[in-house]
Amino acid sequence: MLAGNMKRVTLHGWFRSARALPVLALLLAAALVMGACGSPSAPDPGQSSGDGQGSSDEPTTFIRGTVGLALSAPFNPLLRMGNPRAALWSFNRLVAYNSRLEPVGELAESWDVSGDGLVYTFHLRKDVKWHDGAPFTADDVIFTAETALNEENNAATRKYWLIGGEPVKVEKIDDYTVQMTLPKPSALFLFNMSSWNMIVPKHLLEGVDLATADYNRHPIGTGPFKVVELVDNQYIRMEANPDYFLGAPKIDVWIDKQIPDQNAAIAALANGEVDMIGIGGKDALETVRQLPDVEVYGYDAGWILGVTFKRDRSFFDDVRVRRALAYALDREGMVQAIAGDVEVAWSLIGPPSSWAYNPDVPRYPQDIEKAKALLAEAGFTPGSDGTLTRDGRRFEFTLLVQSPATDSDPEAFAAVLQQAWKAIGVDMKIQRLDRATLESRLFVDRDFDAYIWWDGYNFEPDPSMFWHSATNINGFASAEIDALIEEANANADQAVRKAALDQLAVKVADEVLFIPLYYYRGFSAVKAYVKGVPAPSAADFNNSGILYEVHKLYIDKGK
Amino acid sequence: MRTLILRRIIVSIPLLLSVSLLSFYILQSAPGDPVAMFLQQSFERAPQHVVDAMRERLGLNRPIIIQYLYWLREMLRGNFGVSLKTLEPVSQVIMRTLPASLLLMVVSFAIASVCGIALGVYSALRPYRAGDQILSFIAFFGYSIPNFWLGLILIYVFSFKMGWLPSSGMVSLRGAPDVVMDRIAHLIMPVATLAFHDMVVWLRYQRSALLGVLGEDYIRTAKAKGLAQRIVVAKHALRNALIPVVTLLGLSVPRLLTGSYIVEYVFAWPGMGRLAVDAIYTRDYPVIMAILMISAVLVVLGNLLADVGYALVDPRINYGTGGAR
Amino acid sequence: MSVDAVDTAADSPAPLDRPLRRALRRYARNRGAVVGAAILFILSVISVLVPWLAVLDPEAVDLSHQLQPPGRDHWFGTDHLGRDYLARTIYGGRISLAVGFVAMLLSIVIGTLVGATSGFAGGRLDNLLMRVVDFINSLPIFFIIMVAQMVLTPNIFNVMWLIGLTSWMAVARIVRGEVLAQREQDYVMAAKAIGSRSAYIVWRHILPNVSGPIIVAATLNIAQAILIESALSFLGLGVQPPKASWGNMLMGAQTRMFNAPWIAIFPGLMICITVISFNFVGDGLRDALDPKTGRKNL
């Protein structure tokens, strides 16, 4: 009783005695007002007064949580490929690949190829309109190609318009026909016309400085959804494009919401804040599998996790050393334990569902004795602390791993590898580096002993980035490897390509130029009331997981 | 008083300059190239000549000291440059995150200070009794708990297990029936995480300040004169006990904007703290510099505020001319 | 500072044992502080002795026992690689405590040196040093440490000295204040008059006077350093794998806590308990060593 009374009195006294208080109060009020007025506009609740999904005339909203994905300007598919995931539902390419990995038309209705494989004639759809109502024509395709090819623009998609470093010639035949002439035949060309190679509108970007264009915040495309609101690092709000040439989307509002942390994303899925999230990691997958009313879809993707060595560091120049390192690992056991339900990788190019996969490469089942014997043969003797030495040098090296990363598997593998290699007397240290530092160490300074990270091959694989001597950073490039890559890339004939890629895979595995661990599988967790999700396909051929026909998705909560 | 303010401002100019120079230098020596990152596509780096062209265009190929002088000149004109991540003016980038940070911090600041001061007074008036002991323990607990951990636990319990509160962001994108309630629902967990810690600081400060004052001779004299406890407390003790609290208030100002990075990170709150962490990871120097400078200016302002408040509350302090009446 | 100001009424240095005993008695009356000290003592003993006990290996991977809940074989359960979580928690504590102590020592040494120099030299040097204090105070320390970690490649030793290097300002202020207060006192004048060197005066007369606040600041600095380290490690910028620190374990727990809550609970709880103990001890010391707050209580 007394206490309560006391408190009131003292507080009263406090207020009276404080001459500074008005100042403070004013400050506080000002800050509050600023905070309240300036806060980003809340979504307009006017149109949906209820739950938003109840009766039929209320708009349906689909929210996808994106974990760890930077969601920031520029939202221009010419400038950024992977970043504006929205590009996939706001834009279109000439070609897409269907679930059997066959190229099918998207903006192009059909195409003809000349006998020598050099001239492609694309017949464009005539019923396509940009989101602002302007018609889509051949001029847009030509503009896209020219803008991308202009080096000053630093276009991300430039590489798609280059074949062996030389530009593709793009000519207009009529408003709806485009002819492209390749400098030399290429197996990758049709793939180049799909992937992230979005067509952008000429009427909005012509004569504009690409880097600073207002368009980068207000993208206009041809896709099933129109961007209506972009809030950096928060969300992209899109509305259905009723004129979409493949059919009006059944969802009215599509939102990509950024969630930096996987946990928050799972919680958001569990309590219905979002309808879909991507899932990485075995444990997170287990959690979402236990959630009621959630479907989990898995799909193969072209990524492979593995350890890359630098040839001139430590003792990696010696093939016996590399083989010993490979024999020391229980690859199946560790992959199963850390990554769960995925395919163990022995071959450089995968996944097994890909036509380019070669299962017949040398494998290295765990054999500690063999590993030790190989190292002894290579002249190593145990030092005082158990670590092997040769010529007075300890067998030690540092494995670089990216951190922070949304994907914790590489770091988990690093810890297991360390223990496995310790067992044969190799002292491996682990160094975490943030992405910017890691990339600068790898690609600019080329200062590393070894690193564990993802290596990527599409279902139309192009290994040149990691293995061709022109760009290779691990030092294992050779004339033989170069020749195999060039042969594979220059031929449109899949059989010829496969033969060359198979040889490359055998060579890499035989000499252990790279220790592959497993082929990535992507997983999406979707609320069960989301229907029309296409069957998971053989591979992540459109970089979009299960979301390659978003206009067919709909929400059915029953009643 | 005016001289005091003027002197402090003049003194702070070289201070701010050295902060900016040092920050600029450290940032520039961090490995990693923002331009290469900007131009990079998933795992494929842009060719070096493309990167170089972009660096040239952004003026990043000049010597650091020239870049610094250039940056300084532009900053004094109110131009913080363009973000290397989005090529937008930095001021725009900051203004997008500022309101969110302010909202979060001001709300938790208000709750923390009001509760903290009230509980501090309560504690000081009954030192070492049960109520004080319990508050004391809670206070230490709040002060010792890592706030990111508290955040994780709150998400686990209230979002994942109970499903009561949204786990991240500051608005329901589905559209909520009541915008204000929706905003409050999003605020609860991050504010609780932040305010729990800050409240404790207020509580301890207020308690020890008031305790100190209550032990002073003049209070005892007042009591001896037979004045009622509540009048003694209200008239004499609280006023003097306010001095350190005013100081704390001033010192809290800089925390308003960047003090919550890790809470913003855990709750995906789109504020300046998270912007700063992101900018550090992507080496977006102009954005980091702007945030560092804003926060340094706030520190200076906060200290000034503390001094001024100090002078206003405590008539014994006389800064030369005028004093505090 | 005015809250922490020590009683300067020591006209003549009293015999050491009596105030000390009185302080101890005062300290012993503070239950929280006693329990805190006991906890810290146990933690320190375990941390120091654990390598010799050699029964626990924090790095031994056992992929057949991943994410085991706490039980007979693993008291704290296991993590995602089947590593014993009790061992990792203990070894993590070693690192966290080491960071706390090293950072604290560094901050005390620098703070005392700067404070004493500043106080004694006065004038320009004093002004300059105090501007340095202002300077560091106006840096957002956490971001600076983050960037510095990237410049220097992240490892735990960098964390230790970076935290130490950025947390000495309060100590410097305390020492300087005391030096300023004492330097005009008769005994200091007398000491000067008979030709004692300033350093000697500081060491012999002033430091003993100011040791109370310094010890309190030191305890709180440890607590603070442990929290900063855990936040840095949580962001992946502290200790390097496979070594554990509590913050780093929480980072690993983040993606797995929904199916294995204990891996988030133990390290977080340990941080809490340790930091809370340091804070209790600091609080107890403050009451015990500062006669003024104590007197009112008698």
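Labels below follow one simple rule: chain letters A, B, ... track the order of the sequence lines, proteins then strands, and each chain is numbered from 1.
With a 4.5 angstrom heavy-atom cutoff, B/Phe137 touches chain C via backbone and side-chain atoms both. Of the atoms belonging to C/Leu232, not a single heavy atom falls under 4.5 Å from chain B. Of the two parts of C/Ala231, the backbone and the side chain both hold a non-hydrogen atom closer than 4.5 Å to a non-hydrogen atom of chain B. Using a 4.5 Å cut-off between heavy atoms, B/Ile288 makes no contact with chain C at all. In this structure, the portion of C/Leu139 lying under 4.5 Å from any heavy atom of chain B is its side chain and not its backbone. Of the two parts of B/Val266, only the side chain, counted from C-beta on, holds a non-hydrogen atom closer than 4.5 Å to a non-hydrogen atom of chain C. Looking at C/Asn30, there are no atoms closer than 4.5 Å to chain B (heavy atoms on both sides), in backbone or side chain. Using a 4.5 Å cut-off between heavy atoms, C/Gln224 contacts chain B through its side chain alone, with no backbone atom that close.
For B/Phe148, the ring pair (Phe, Tyr, Trp, His ring centres under 6.0 Å) partners at least two apart in sequence or on another chain are C/Phe234.
Within residues 265-275 of chain C, the residues having any heavy atom closer than 4.5 Å to a heavy atom of chain B are C/Ile265, C/Gly268, C/Leu269, C/Ile271, C/Cys272, C/Val275, listed by residue number.
In terms of non-hydrogen atom pairs under 4.5 Å with chain C, the most contact-rich of B/Ile145, B/Leu152, B/Asn303, B/Ile153 is B/Leu152. Residue with the most contacts toward chain B among C/Arg31, C/Gln149, C/Met257, C/Arg131: C/Met257 (heavy-atom pairs, distance under 4.5 Å). Annotation: maximal heavy-atom pairing with chain C below 4.5 Å, among B/Phe141, B/Phe160, B/Trp149, occurs at B/Trp149. When B/Ala30, B/Gly32, B/Pro146, B/Pro31 are compared by the number of non-hydrogen pairs under 4.5 Å with chain C, B/Pro146 comes out ahead.
Applying the side-chain hydrogen bond (donor to acceptor under 3.5 Å, both in side chains) rule to pairs touching residues 20-32 of chain B yields B/Ser20-B/Tyr68, sequence neighbours excluded.
Around atom CZ of B/Phe158, no more than 12 heavy atoms belonging to other residues, nucleotides or ligands sit under 6.0 Å away.
The distance from the CG atom of C/Leu235 to the CD1 atom of B/Ile262 is 4.5 Å, given to the nearest 0.5 Å.
Taking each heavy atom of B/Ser144 and C/Leu227 in turn, the nearest pair found is O-CD2, 3.6 Å.
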Atom pairs and distances, side-chain donor-acceptor, residues 9-18 of chain B, under 3.5 Å, sequence neighbours left out:
| unit_1 | atom_1 | unit_2 | atom_2 | d |
| --- | --- | --- | --- | --- |
| B/Ser12 | OG | B/Arg8 | O | 3.3 |
| B/Ser12 | OG | B/Ile9 | O | 2.6 |
| B/Ser18 | OG | B/Pro14 | O | 2.7 |
| B/Ser18 | OG | B/Leu15 | O | 3.0 |

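Annotation: side chain of B/Leu27 is not in contact with side chain of C/Phe143 (no heavy-atom distance under 4.5 Å).
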